[in-house]
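Questions regarding the structure given below will be posed in turn.
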Amino acid sequence: MLKAVTLVHKGAMEIAIHSIRTFAYYYSNTHELTIHTDPSIDEEDRETLLHAAKGIEAKIVSAKERNEKLDKLLAEYPKTRAFLNSTSFYTKLEIPIYEEFPYLFFDSDIVWLRAATNIEPKKALNAFSTETWTFYPGIARPYLWIKKKTPRRVNSGFQYIGQKFPFEKMENFLSLNMFDKKRRYAGDQEIFAYLFNDLEYFHHKDFKRSRVGSHYELKKESSAAFHFPGSMWKSHMDQIKEIPYLPSKSSMGVRLLPPVPLSIFEIIRMRFQINIGDIRFLALPLNVLRNLMRAYR
């Protein structure tokens, strides 16, 4: 059996149930599922999550279990251990340290619409979903990111991890002060892009991401799965609940694309767009421009 992994916290329970349920519906014959949780998940939540996984071989790994193993693995990597201890915001980075590769990871605000085949990258060790523009707000010392040929536009919602966690690389990354977690919107996907840069992109139409202000007809979507970050799933919940009762869609082969290196132009544009987006009267035309860019992408 192949291995899939997800991560759930209390605030995501409402959608996580359906994320796990739809994955179990389409992948019970091919995958086993490991559900990681954070300290906010209680015993009642655990039972609910395992019930949602009915039909697939599933287990839960608690934050306590994960930390016991991480303490041993990171004993010689104090900067990494301190970074992960400093905040719960980067819990997703604990998964590739804890789990044996290879595995498919998916965020718990993703719902599955059909079975996806050949998710393994063809020419690289890893694969990630992608954005329409680079969103790496935590970048510090950008010339080092460019020098290391960090791929642009990585999104960490879908991940195929085919390599051991690069402990020394992470420790050196922190020693060089390449990431500023205090920057507004700093996240984990830029760190994943740097650490696992031997990657390909999952095609954005095969593993799709919802956009602000857009409404989707899930039964008409051709993608294998749909990512609803930022509570955008709430306006689609009626449709999400109906997924197992719709006619089953045939499985599909997932397309993979080669990575494109990050450039200084992308970093400048990203910071400009973030700053402009925070100015209320400029946010609307900026979003219109982004939608036009997506339409022709």
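Atom set for the values below is all heavy atoms of this structure, side chains included, hydrogens, waters and symmetry mates excluded.
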Discussion item. Please evaluate residues R153 and V260 with respect to the criterion side chain to side chain contact (heavy atoms under 4.5 Å, CB included), reporting the C-alpha separation (whole Å), side-chain torsions for both, the decisive distance (0.1 Å), and the verdict.
Written reply: CA-CA 8 Å; R153 303 186 184 186; V260 177; over 6 Å; no

Worksheet item: Would K122 and E200 pass as an ion pair if we require N to O under 4.0 Å?
Response: no

Item to complete: Could you list all the salt bridge (Lys or Arg N to Asp or Glu O under 4.0 Å) pairs where at least one residue sits in residues 2-26, not counting sequence neighbours?
Response: K3-E99, K10-D42, K10-D45

Worksheet item: What about W112 and Y25, are their ring centers closer than 6.0 Å?
Response: no

Discussion item. Taking the ring centre of each residue, are F158 and F128 less than 6.0 Å apart?
Written reply: no

Discussion item. Checking the side chain of S129 only, and the main-chain atoms of N155 only, is there a donor and an acceptor separated by less than 3.5 Å?
Written reply: yes

Worksheet entry | salt bridge (charged side-chain N to carboxylate O under 4.0 Å, His left out) partners of R114, counting only residues at least two apart | none

Output a table of donor-acceptor pairs, distance under 3.5 Å, between side-chain atoms of residues 163-175 and any protein atom two or more places apart or on a different chain; print 'none' if there are none.
| from | atom 1 | to | atom 2 | distance (Å) |
| --- | --- | --- | --- | --- |
| Q163 | OE1 | N126 | ND2 | 2.7 |
| K169 | NZ | Y194 | O | 2.9 |
| K169 | NZ | L195 | O | 3.4 |
| K169 | NZ | N197 | OD1 | 3.1 |
| E171 | OE1 | T80 | N | 3.0 |
| E171 | OE1 | T80 | OG1 | 2.7 |
| E171 | OE2 | K79 | N | 2.8 |
| S175 | OG | E171 | O | 2.9 |

Discussion item. Does either side chain, that of S62 or that of E65, offer a donor lying less than 3.5 Å from an acceptor on the other one?
Written reply: yes

Discussion item. For the aromatic rings, using the six-membered ring if either is Trp, is the centroid distance between H227 and F106 under 6.0 Å?
Written reply: no

Discussion item. I'd like to check the ring-ring contact (aromatic ring centres under 6.0 Å, His included) partners of H236; sequence neighbours left out, ordered by chain and number.
Written reply: H215, Y216, F228

Item to complete: Could you tell me which residues satisfy ring-ring contact (aromatic ring centres under 6.0 Å, His included) with W233, sequence neighbours excluded, listed by chain and number?
Response: none

Worksheet item: Is R152 paired with E266 through a side-chain N to carboxylate O contact shorter than 4.0 Å?
Response: yes

Item to complete: Determine whether the side chains of T87 and K181 contain a donor N or O and an acceptor N or O closer than 3.5 Å.
Response: no

Item to complete: Taking the six-membered ring for Trp and the single ring otherwise, decide whether the centroids of F179 and Y90 are under 6.0 Å apart.
Response: yes

Item to complete: Determine, for F226 and K208, whether the Lys NZ or Arg CZ falls below 6.0 Å from the six-membered ring centre while staying within 45 degrees of the axis.
Response: no

Discussion item. Is the ring pair F23/Y27 parallel, tilted or perpendicular, if the boundaries are 30 and 60 degrees?
Written reply: parallel

Practice prompt. Please list, chain by chain and in numerical order, all residues satisfying ring-ring contact (aromatic ring centres under 6.0 Å, His included) with F135, sequence neighbours excluded.
Written response: W133

